[in-house]
Amino acid sequence: MDPIQWQKEQERVNSLREELQARITRDEPLISELKTQVVGIRTDFWEDVTVNLTAGDDRLETAISMKQQAEILSERERSHRHLNTGLLKMRRLLPAPYFGRIDFKEEEQDGPSEPIYIGVASFLSDDGETFLVYDWRTPVASLYYDYGPGPARYGTPGGEIAGEMTLKRQFSIRDGVIRSMFNTGMTIGDELLQEVLSRSSSSGMQSIVGTIQQEQNAIIRNDRARMLIVQGAAGSGKTSAALQRVAYLLYKHRNRITAQQMVLFSPNPMFSSYISSVLPELGEENIRQTTFQDYLERRLGKRYKLEDMNEQLEAVLAASSSDEAVRQRMLSIRFKNSIGFLELIHAYGDRLLNSGIRFKGFRFRGRLLLARKQLEDRFYSMEGHIRLPNRIELLREWLLEELTRLEQEELGAEWVREEIEFLDNDQYMRVHKAMQRKLRKGIEEDESTLEENLLRAEIVRKAFKPLRRLADGLAWIDVANMYRDLFQENEPSCEEPSDWQAICRMTHVAFEEKRLPYEDAAPLLYLTELVQGFRMNTSIRYVLIDEAQDFSPFQFHFLQKLFPMAKVTALGDFNQAIFAHSTELAASNWLAELYGPEQTDTIVLKRSYRSTRQIVEFTRSMLPDESGIEPFDRPGELPLLYLASDERERDTLLAKDLHELMASGTPSIAVICQTSREAQEAWEKLRRHSGLEELKLVTKDTTSFQSGAVVIPAYLAKGVEFDAVLIYEASSAVYGEERHRKLFYTACTRAMHKLRLYCTGEPSPFVTGAAADSWQEFNHART
């Protein structure tokens, strides 16, 4: 770069930082004063309000006084919030005010091109009109990501603006000093990408808006599709683009959408922790985050011993694929997550309007109060055109009325008189006060009789309270047994699996043992909603699903019902579809049909940025067709395969490498195992080596992601990246079957800079079958 140009750009950075610092210095005391005022008004609110409720005019004066005080408080709070938001933006800009510059000249514009500087937030001059820095989410900033020098255009609320980009320049600025600067063409320059990608991993995902690629920008700014499907290779930036999409949407729709109207379904709580810093770095509040398992637990966890998705995977991995029980379980999992099973449940719901509904009776003090037959007769006596949930609601209202009637009948029972003897003083005093109030109202009744009646009513009311709670909460609907009725061996469903009877037996055994397999959880909850009426959340406007290949067709339909007003972004990688019910995103016609092809967009990301070129070439060669994955040309060392004579030697080799990596300052290292059991054993063995006592074990209950050295099961590492990955056991005994291919691929693609595999016995065919020049065998001389 021309030294004169470099000097001019540095002078602009210096000037802008001076203005930022001056504005920060000016606003800090104003914000502090406003905060003091807000606290003071809140503290003295009632002292400053004239309260007099004795007469009409006084009450009006009181209302006016309260309204004025509330308006003053609201105005101060708005001013404080506005200034504080601006202050936070300026502090974020101060170390690096911007990362890009484009010079753009609109069509028919006289004079030279206008320089446009782009950063993580907008910054205006004191006149409030001149942009010194444009927020990366503004319409004009899209030019930076989508075009190179030459003809360019961008959309605005007022229409499209066309023109010519005469310059595209990138900066790397740290603490106000330009470290690198270069002009670039169509895509984001490799120099900046190389710098960013060569950095070590931190304890969380970083928001690097300066390196957004054109295809990622298409994801971020897509606001047309009702369903946006993103199929992306491992390390292609799917999750980063999704979070930056959230920031863009919150910016674009800031007057009508808040962070609380968005929800992200992530694979596990640790992943939620891993990405938690991205939106705050971009100046936005974190959106709601949950997992599908959390939702199932909230709805079903109190009634059933609920298996989670990871436990299901572990159960399948623990046995050989030749095991007949495992084969039948896999068949059951696929069927219960299919659209076919969804249709079967819908057909079953229609049949329940005529027969098959199951209820539970109400028992009280050892006797039957309301029999199941009474509820069934009442249900089927209703007119046939009434929908299932509406019938249930009418039956609930009738039940509450019946309980009121039965409660009155119970007042004269002998047990009530006996219970009066055991009332405590508080209950007596409560009844006595109620009696005094009735007497003051002129009720003509003997005091002792009135007191006994009130005591009886208090006792019966308390005794019937649990029954009312059950009636109101629809606990009398026996959905579990209705679900079991779906699996009648002598009543096969349409298009049933070939092993229908085996599936039926497995389902009945699980329910008899009061277990709820993961594959049964969503269907059971769906049937519950179908009968009782769906609990829709109409306030959510955007739903993002990360690792969407782990969601089944059934679960996608469920989420569509749950969030009927939301646009959905589904991000995933079919090559990491490690569960039996996984979805092939881009190739799934049913997914495009969910909201209709005209409202569905599909974007495929093929370039992988996470790993070095050597690691990408090794991992992509594990896949049958290599899936068209393109490595970013960032060099590194070849993946290494260490052959050990036994487990003891393997652990010694691995511990030695751990020591070396930790001593060299490698920030994040993962020893990846196939299952949680293997991870537990590996962690216990490795911690016995000197210097590895602080090695951490990650389990499904781990809620926060931290840098350092960890031992982790492969399925929990999805979506996360590490500077170095050590595969604990890469033998054919552990990763030898075809069903292990995607799990092994997932484990290896977590590595950014170094990938090492340790093996006792014959290596996995996924290693030996990879391209011969994409890995190398360990040299024993090193020991």
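If you're wondering where the values come from, they're calculated on a predicted model, not measured in any experiment.
- Side-chain contact between Tyr526 and His346: present, with at least one pair of heavy atoms (C-beta onward) separated by less than 4.5 Å.
- Lys252 NZ: more than 12 foreign heavy atoms inside a 6.0 Å radius.
- Here Arg23 pairs with Glu19 in a salt bridge; the nearest charged N to carboxylate O distance falls below 4.0 Å.
- Residues meeting the ring pair (Phe, Tyr, Trp, His ring centres under 6.0 Å) test with Phe551, sequence neighbours left out: Phe292.
- When the shell of 6.0 Å around CD of Glu71 is examined, it contains more than 12 heavy atoms from other residues, nucleotides or ligands.
- A heavy-atom distance below 4.5 Å is found between the side chains of Gln293 and Glu297.
- Put simply, the side chain of Ile287 does not reach to within 4.5 Å of the side chain of Tyr542, judged on heavy atoms.
- Side chains of Met270 and Lys700 form no contact here, defined as non-hydrogen atoms less than 4.5 Å apart.
- Using a 4.5 Å cut-off on side-chain heavy atoms (C-beta onward), Pro564 and Thr538 make contact.
- At least one donor-acceptor pair under 3.5 Å links the side chain of Arg137 to the backbone N or O of Ala247.
- In Met565, the CE atom is not crowded: 12 or fewer heavy atoms of neighbouring residues, nucleotides or ligands sit closer than 6.0 Å.
- Crowding of Arg254 atom CZ: a count of heavy atoms from other residues, nucleotides or ligands under 6.0 Å exceeding 12.
- Judged by distance alone, the side chain of Arg607 and the main-chain N or O of Glu630 form no donor-acceptor pair under 3.5 Å.
- Ring geometry for Phe558 against Phe534 counts as perpendicular: the plane angle is over 60°, on a 0 to 90° scale with 30° as the lower cut.
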Show, in sequence, the C-alpha distance, side-chain angles and deciding distance for Val568 and Leu559, and conclude whether the side chain to side chain contact (heavy atoms under 4.5 Å, CB included) test is met.
CA-CA 9 Å; Val568 178; Leu559 292 175; over 6 Å; no

